[in-house]
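Notes for the one structure printed next.
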Amino acid sequence: MALNPQLFPNGMPVPFVNEMFVMGRDGVEFEIDKIPGTHGDRVHAKGTIYLSNIRMVFVASKPVGNFAAFDMPLLYVHGEKFNQPIFHCNNIAGRVDPVVPDNEHRALYSTHSFKILFKEGGCGTFVPLFFNLISSVRQYNQHTSTEAQPQMDPLQAAQTPVDEMMRHAYVDPNDPTKIFLQQPTQESQLRRRTYNSHGVGNSI
C-alpha cells in the first residue's frame with residue numbers, strides 16, 4: 001500500500017511500467033484504517049476506485065486531511081469478501097499488507113483494513129471483475145515466486161494476462177463502472193463499454 005500515489009492532474013493514477021488499468025468506478029465510498037495524521041487514524045472518503053493488473057487505487061473527490069489517494073497492490077490484498085447487508089449498501093471488505101522498504105522492519109508497519117461501499121448504482125460489473133482479476137493474479141504469480149506474499153514485488157503482478165478476461169467481462173447496465181477499452185491518459189476521458197441489441201460491444 002502507499003498513501004497518496006502519484007496522480008495525473010485529472011486524478012487518474014500515473015501507471016507503472018507494464019501496468020494496465022482495466023476499469024474505474026466513480027461515486028464509491030472508501031474506508032481505511034491506520035492512516036497517520038487523520039482523526040482516529042481512520043479515513044472515510046468518497047471518490048473513484050481504479051483497478052489495474054497490479055493494484056487498486058482509490059482517489060478521493062476531496063482530500064481528507066493529508067489523505068488524497070491510496071493504492072493497494074493486488075498481491076498484498078487478502079481476506080477480501082463481498083457483503084450484501086440487508087439494511088446497508090453492498091460492499092467489498094478486506095485487508096492489505098504494507099509495502100515495507102528493504103531497510104526497515106515489518107513490525108513497524110501495520111496491516112490495513114479497507115472497505116469499498118457501492119452506494120450509487122449496482123456492482124454487477126465491478127465485483128465479478130475484481131474477484132476474477134485478483135484470483136488470476138494470485139494463480140499466475142504462484143508459478144513465478146515461492147516467497148511469502150508480503151515479500152513479493154507488487155509490480156510482479158503486471159505479468160498476469162488480462163486481455164482475455166476483459167473481452168469477456170459481463171457488463172451490468174445498472175453498474176456505472178467504466179471498462180477501459182484503451183489505456184486512459186491524463187487527457188483522455190473514462191470510456192464505458194456497452195452492448196447494443198445484437199450483443200456487439202460499443203464504447204461511450
Side-chain angles (χ1 to χ4, degrees), residues 1-15 21-99 110-135 137 154 169-180 184 189-193:
M1 43 59 62
L3 179 64
N4 298 331
Q6 188 176 5
L7 306 174
F8 286 123
N10 67 351
M12 183 76 196
V14 175
F21 281 96
V22 297
M23 62 180 174
R25 170 65 183 261
D26 296 324
V28 300
E29 293 189 17
F30 182 72
E31 297 178 359
I32 187 80
D33 66 358
K34 300 174 184 174
I35 302 297
T38 58
H39 180 68
D41 287 346
R42 189 174 189 87
V43 169
H44 184 125
K46 185 175 181 178
T48 303
I49 191 91
Y50 297 94
L51 184 65
S52 79
N53 57 341
I54 293 177
R55 55 183 173 153
M56 286 189 291
V57 185
F58 173 79
V59 180
S61 300
K62 296 181 180 180
V64 179
N66 67 338
F67 179 96
F70 193 83
D71 77 0
M72 298 173 282
L74 297 182
L75 286 173
Y76 289 14
V77 172
H78 56 94
E80 68 281 355
K81 182 180 180 182
F82 177 52
N83 301 303
Q84 294 179 288
I86 296 175
F87 298 110
H88 299 282
C89 64
N90 294 337
N91 64 83
I92 293 174
R95 296 169 67 80
V96 59
D97 291 322
V99 178
S110 299
T111 297
H112 299 266
S113 295
F114 70 88
K115 185 178 288 187
I116 304 167
L117 300 100
F118 304 97
K119 290 190 174 182
E120 298 180 8
C123 52
T125 298
F126 187 97
V127 171
L129 270 178
F130 167 78
F131 282 100
N132 287 340
L133 180 58
I134 204 167
S135 176
V137 165
Y170 169 72
V171 176
D172 177 1
N174 297 314
D175 184 340
T177 294
K178 299 174 179 69
I179 294 178
F180 299 129
Q189 299 295 316
L190 300 185
R191 296 169 67 86
R192 183 182 178 192
R193 191 173 75 177

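This structure is a prediction, so every number in the text was calculated from the model and none was measured.
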Gap between atom SG of C123 and atom CG of N174 - 0.5 Å precision: 10.5 Å
For A93 against N83, the heavy-atom pair lying closest together: CB-ND2, 3.7 Å
Taken in chain and number order and not counting sequence neighbours, the residues that satisfy ring pair (Phe, Tyr, Trp, His ring centres under 6.0 Å) with F130 are none
Quick one: pull up CG in D33 and OG in S110 and give me the separation to the nearest 0.5 Å. 8.5 Å
State the CZ-OG1 distance between R25 and T177, to the nearest 0.5 angstrom. 4.5 Å
Once rounded to the nearest 0.5 Å, what's the spacing between atom CG of L51 and atom CE of M72? 9.5 Å
Ring pair (Phe, Tyr, Trp, His ring centres under 6.0 Å) with F114: which residues, sequence neighbours excluded? none
Rounded to the nearest 0.5 Å, how far does CD of Q84 lie from CD1 of I86? 10.5 Å
May I have all residue pairs that pass salt bridge (Lys or Arg N to Asp or Glu O under 4.0 Å) and include part of residues 55-68, sequence neighbours excluded? E19-R55, R55-D71
Using 30° and 60° as the class limits, which term best fits the ring planes of F21 and F180: parallel, tilted or perpendicular? perpendicular
Any residue meeting side chain to side chain donor-acceptor pair (under 3.5 Å) with E120, in chain and number order, not counting sequence neighbours: K46
Would you confirm whether H112, through its side chain, and I32, through its main-chain N or O, come within 3.5 Å as a donor-acceptor pair? no
Who passes salt bridge (charged side-chain N to carboxylate O under 4.0 Å, His left out) against K34, sequence neighbours left out? none
About how many Å separate CZ of F67 and CZ of R42, when rounded to the nearest 0.5 Å? 11.5 Å
Going by distance alone, is a donor N or O of one side chain under 3.5 Å from an acceptor N or O of the other, for S113 and R95? yes
I'd like to know if the side chain of N4 reaches the main chain of A68, judged simply by a donor and an acceptor atom lying under 3.5 Å from each other, with no hydrogens or angles considered. yes
For G124 versus D172, what's the shortest heavy-atom pair and its separation? N-OD2, 3.2 Å
So F30 and F58, would you call those rings parallel, tilted or perpendicular, with 30° and 60° as cut-offs? parallel
Does M12 offer a backbone N or O that forms a donor-acceptor pair with the side chain of N10 under 3.5 Å? yes
Looking just at side-chain N and O atoms, do T48 and D26 make a donor-acceptor pair shorter than 3.5 Å? yes
Verify the ring-centre separation between F82 and F131: is it less than 6.0 angstrom? no
By side chain to side chain donor-acceptor pair (under 3.5 Å), K115 pairs with (sequence neighbours left out) none
